[in-house]
Each structure stands twice: as C-alpha cells, then as structure tokens.
Chemist: 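Here it is, the structure in full.
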Amino acid sequence: MKSNQGSVPLLYLAHILLGLIILLPLAFALVSSLRPLDEIFRYMSPVSWRTFVPTQITFDAYTSLFVERGFGRIFFNTFYVSIVNVVVGLVIASMAAFAFVYFEFKGRALLFFLVILTFMIPFEVIAIPLYGLVDSLGWIDTYSGIIVPGLANGLVIFLYRQFFLDLPKALIESARIDGASWFKIYAGIILPLCKPVTVSAGLLIFIHQWESFMWPLIATRSKEYKVIQVALSDFVTEFATYWNEMFAGIIIAVIVPVLVLLPLQRYFVNGIANTGSKE
C-alpha cells in the first residue's frame, strides 16, 4: 500500500511535466501573436517571466490576418472542406462497413484487406498518381479536388466494421423477418446505435482534414481555395518572416480542433475503447 501511495505524487508530477511540455509552446505562440514583431525574440535569452508575459499587447497580427491576408476566406475553405469530409465520409464509411458485415459477396475478404492497406500506406507513395488522376478529371484548384480523394477513409471503415460486428445478429434477422429493407435496417436500426463510433470517426476525419497540408498544397494553385495549413507557409518570405502573424495563424489553427474535441472527448474515448475486434 505504501509503495502505491508513494507512486501517486510521482504520477502527478509526470502529468504536470507532460502538460508543461505540451502547453508551454502554445503559451509562447499565444503571447508572441500579441506582441509587435520586433519584440517576439527579445526576451528569449535568458528565459524569464517576460518570455511568457507580453509587456505590450497588440492585435495587429490578427487584424492583418483577416484584413490584409484574407484569412476569412481561408478559414471558410478549411472549415467547409472539413465539414463536407466529415458528413459525406461518415455516410460512405458506415455504408461500406455495413456491406462488409451483413452482405456476402465474392472477394469480400480481399476487398477488406485492400481497405486496411489504404491507411497503412504513406500518402507520399500515392501523391503523384493521385494528382494525375485528379488532374485528368479537371479538379485541380477546385473544392472537388481537395475533398473527393479523402472521402473514403479506410480507418473509419475499419472502426465501423468492428463496431457492427459486436451488434447482435438477432436484431438484424428479426428486422428482416418483419419485412424491413436493408436501407431501413441501416438507417433506422444500425445508425442510431452507432453514436459513440460515429463521434469518434467524425472527430478523426475532422482533425485529419483540418491539419492536412500536403494534398491541399498539391491540389490548389490559387488563393481562392487555400486552406489554413497551407496559408501558414506564406509568412516565410525571401526577405523576412512575419513571426507574429504566423503565431496568430497557428493559434487559430489549433483552437478550432480543441473547441471541437473538448466537449466530445468522452464520446471519442468511449467510441475508440468500445470498438471491438470480434470476428
């Protein structure tokens, strides 16, 4: 008992240290976004309270983002692409998983193996052929070019499939005996039971799309379709780096996923933890 009690303070200390490692860079970014450009690195060495407490607060960086750099449009693009990916991606993934679990068809095991393979292969491997395909469809520098390649998410299909495997088969069989169509079973019986895994999958898609950099960079050319992760690279120019505006953009890019995740974290954890592995 004493050894267990003695380990509790060490555990709390480890949590505090991990929290500081995560939060201090964000705190520095927030403080730097509220400082004039010429003061950002003035108090870096030696580190003191002035490093994390601004002596002169200004919102010029945030004003410049939305007035001069058009961050309103960039923010809308990122949010729009992420939401469309979540809504359409959840429908596609849940329907695909439903088919894998409840339908018997030739090549089902091989097809599911290919689905699993899709989230094990690094994106860099398929970036060039994917660009060629999207370019041949005329979707470069369009919303379709950014959104469509990410709609079918292999990991999300896998999560739904594992969740469906844990549902009682008698529920489906009784519905079929009562004359329910497959679509009615999917939409009226299965989906209402999938709230935890749906929240988890939706958050995975949203955060992945919000933080996506490489594909939006490849698939867009104009500022009209630029997303926030790509826009952050604009602050580094040949002659100067606009650190205060970059830090302001980083804070905006970080705060949105946090605000989405915090109220739903309980469902997210439950959805991941309760997704079974029964075959």
Chemist: Any side-chain to backbone donor/acceptor pair from Asp141 onto Arg221? Under 3.5 Å, distance only.
Modeler: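 Present.
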
Chemist: Any side-chain heavy atom of Phe103 sitting closer than 4.5 Å to one from Arg108?
Modeler: no

Chemist: Please tell me whether Val199 and Val91 are part of a single hydrophobic cluster in this structure, the criterion being side-chain heavy atoms less than 4.5 Å apart.
Modeler: yes

Chemist: Rounded at 0.5 Å granularity, tell me how far CD1 in Ile189 sits from CH2 in Trp182.
Modeler: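 One finds 10.0 Å between CD1 of Ile189 and CH2 of Trp182.
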
Chemist: When rounded to the nearest 0.5 angstrom, what is the spacing between CD in Glu245 and OG1 in Thr63?
Modeler: 10.0 Å

Chemist: Identify the heavy atoms of Gly145 and Thr142 that sit nearest to each other, and give their distance.
Modeler: N-OG1, 3.1 Å

Chemist: Give a yes or no on whether the backbone of Ile147 and the side-chain of Trp215 come within a donor-acceptor separation of less than 3.5 Å.
Modeler: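 Between the backbone of Ile147 and the side chain of Trp215 there is no qualifying donor-acceptor contact (under 3.5 Å).
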
Chemist: Are Phe247 and Phe28 near enough that their ring centres are under 6.0 Å apart?
Modeler: yes

Chemist: Using atom types as modelled and distance alone, determine if a side-chain donor or acceptor of Arg161 lies under 3.5 Å from a backbone N or O of Ala93.
Modeler: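 Here the side-chain-to-backbone pair does not exist.
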
Chemist: Rounded to the nearest 0.5 Å, what separates atom CG in Leu30 from atom CD1 in Ile255?
Modeler: 8.5 Å

Chemist: Side chain of Ser136, backbone of Leu133: donor and acceptor closer than 3.5 Å?
Modeler: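 Checked: pair present.
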
Chemist: When you measure from the side chain of Ser212 to the backbone of His208, do you find a donor-acceptor pair of N or O atoms at a distance under 3.5 Å?
Modeler: no

Chemist: With the side chain counted from C-beta on, respond yes when Phe235 and Ile250 share a heavy-atom pair under 4.5 Å apart, and no when they do not.
Modeler: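 Side chain of Phe235 against side chain of Ile250, heavy atoms only: no contact under 4.5 Å found.
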
Chemist: What's the separation between atom CD in Glu39 and atom CG in Leu34, rounded to the nearest 0.5 Å?
Modeler: 12.0 Å

Chemist: Between Ser181 and Tyr186, is any side-chain donor less than 3.5 angstrom from a side-chain acceptor?
Modeler: no

Chemist: side-chain contact (heavy atoms from CB on, under 4.5 Å) between Phe123 and Leu130: does it pass, once the steps are laid out?
Modeler: CA-CA 10 Å; Phe123 175 76; Leu130 182 60; 3.8 Å; yes

Chemist: Indicate, with yes or no, if Met120 and Val115 share a hydrophobic cluster defined by side-chain heavy-atom contacts under 4.5 Å among Ile, Leu, Val, Met, Phe, Trp and Tyr.
Modeler: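 Yes, because Val115 and Met120 connect within a single hydrophobic cluster, where side-chain heavy atoms sit under 4.5 Å apart.
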
Chemist: Is Leu159 close to Leu204 at the side-chain level, that is, under 4.5 Å between some pair of heavy atoms?
Modeler: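 A side-chain contact under 4.5 Å exists here.
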
Chemist: Are Leu114 and Tyr160 connected, step by step, through hydrophobic side chains (Ile, Leu, Val, Met, Phe, Trp, Tyr) whose heavy atoms are closer than 4.5 Å?
Modeler: no

Chemist: Evaluate whether atom OH of Tyr242 has more than 12 neighbouring non-hydrogen atoms of other residues, nucleotides or ligands under 6.0 angstrom away.
Modeler: no

Chemist: Would Tyr143 and Asn77 count as having a side-chain donor-acceptor pair, cut-off 3.5 Å?
Modeler: yes

Chemist: Can you find a pair of side-chain heavy atoms, one from Ile146 and one from Gln209, that are under 4.5 Å apart?
Modeler: yes

Chemist: Got Val256 and Thr78 here, is their nearest side-chain heavy-atom distance under 4.5 Å?
Modeler: no

Chemist: Checking Val53 against Val31 for the side-chain contact (heavy atoms from CB on, under 4.5 Å) test, could you report, in this order, the C-alpha distance in whole Å, the side-chain angles of both residues, the deciding distance, and whether it holds?
Modeler: CA-CA 7 Å; Val53 179; Val31 169; over 6 Å; no

Chemist: Within 45 degrees of the ring normal and closer than 6.0 Å to the centroid, is that where the cationic atom of Arg176 sits relative to Tyr102?
Modeler: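 No cation-pi geometry.
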
Chemist: Can you check whether Ile228 reaches Phe79 side chain to side chain, under 4.5 Å on heavy atoms?
Modeler: no

Chemist: Given Arg35 and Asn244, is the side-chain contact (heavy atoms from CB on, under 4.5 Å) satisfied, shown in steps?
Modeler: CA-CA 7 Å; Arg35 278 179 166 152; Asn244 56 342; over 6 Å; no

Chemist: With the 4.5 Å side-chain cut-off for hydrophobic clustering, are Ile92 and Ile190 part of the same group?
Modeler: no

Chemist: Can you tell me how far the CH2 atom of Trp243 sits from the OG atom of Ser33, to the nearest 0.5 Å?
Modeler: 14.0 Å

Chemist: Quick check: are there more than 12 heavy atoms from other residues, nucleotides or ligands sitting under 6.0 Å from CD1 of Ile128?
Modeler: no

Chemist: Does Phe105 have more than 12 heavy atoms from other residues, nucleotides or ligands lying within 6.0 Å of its CZ?
Modeler: yes

Chemist: Verify, without hydrogens or angle tests, whether Thr220 (side chain) and Pro216 (backbone) share a donor-acceptor contact under 3.5 angstrom.
Modeler: yes

Chemist: Determine whether Phe100 and Leu111 make a side-chain contact, defined as any pair of heavy atoms from C-beta on separated by less than 4.5 Å.
Modeler: yes

Chemist: Applying a strict under-4.5 Å side-chain criterion to I, L, V, M, F, W and Y, I'd like to know whether Met214 and Leu155 cluster together.
Modeler: no

Chemist: Determine whether the aromatic ring centres of residues Phe76 and Tyr80 are separated by less than 6.0 angstrom.
Modeler: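 Judged by ring-centre distance (under 6.0 Å), Tyr80 and Phe76 do meet the cut-off.
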
Chemist: Go through it in stages, so that I can follow the logic: the residues are Tyr62 and Ile251, the test is side-chain contact (heavy atoms from CB on, under 4.5 Å), and I'd like the CA-CA distance, side-chain angles, deciding distance and then a yes or no.
Modeler: CA-CA 10 Å; Tyr62 292 92; Ile251 293 299; 3.9 Å; yes

Chemist: Compare all side-chain heavy atoms of Asn85 with those of Phe206 and state whether any distance is below 4.5 angstrom.
Modeler: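 Side chain of Asn85 against side chain of Phe206, heavy atoms only: no contact under 4.5 Å found.
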
Chemist: In plain terms, say whether Glu173 and Lys169 are close enough for a salt bridge, that is, a side-chain N and a carboxylate O under 4.0 Å apart.
Modeler: no

Chemist: Measure the CG-CD1 distance between Leu11 and Ile16 for me, rounded to the nearest 0.5 Å.
Modeler: 10.0 Å

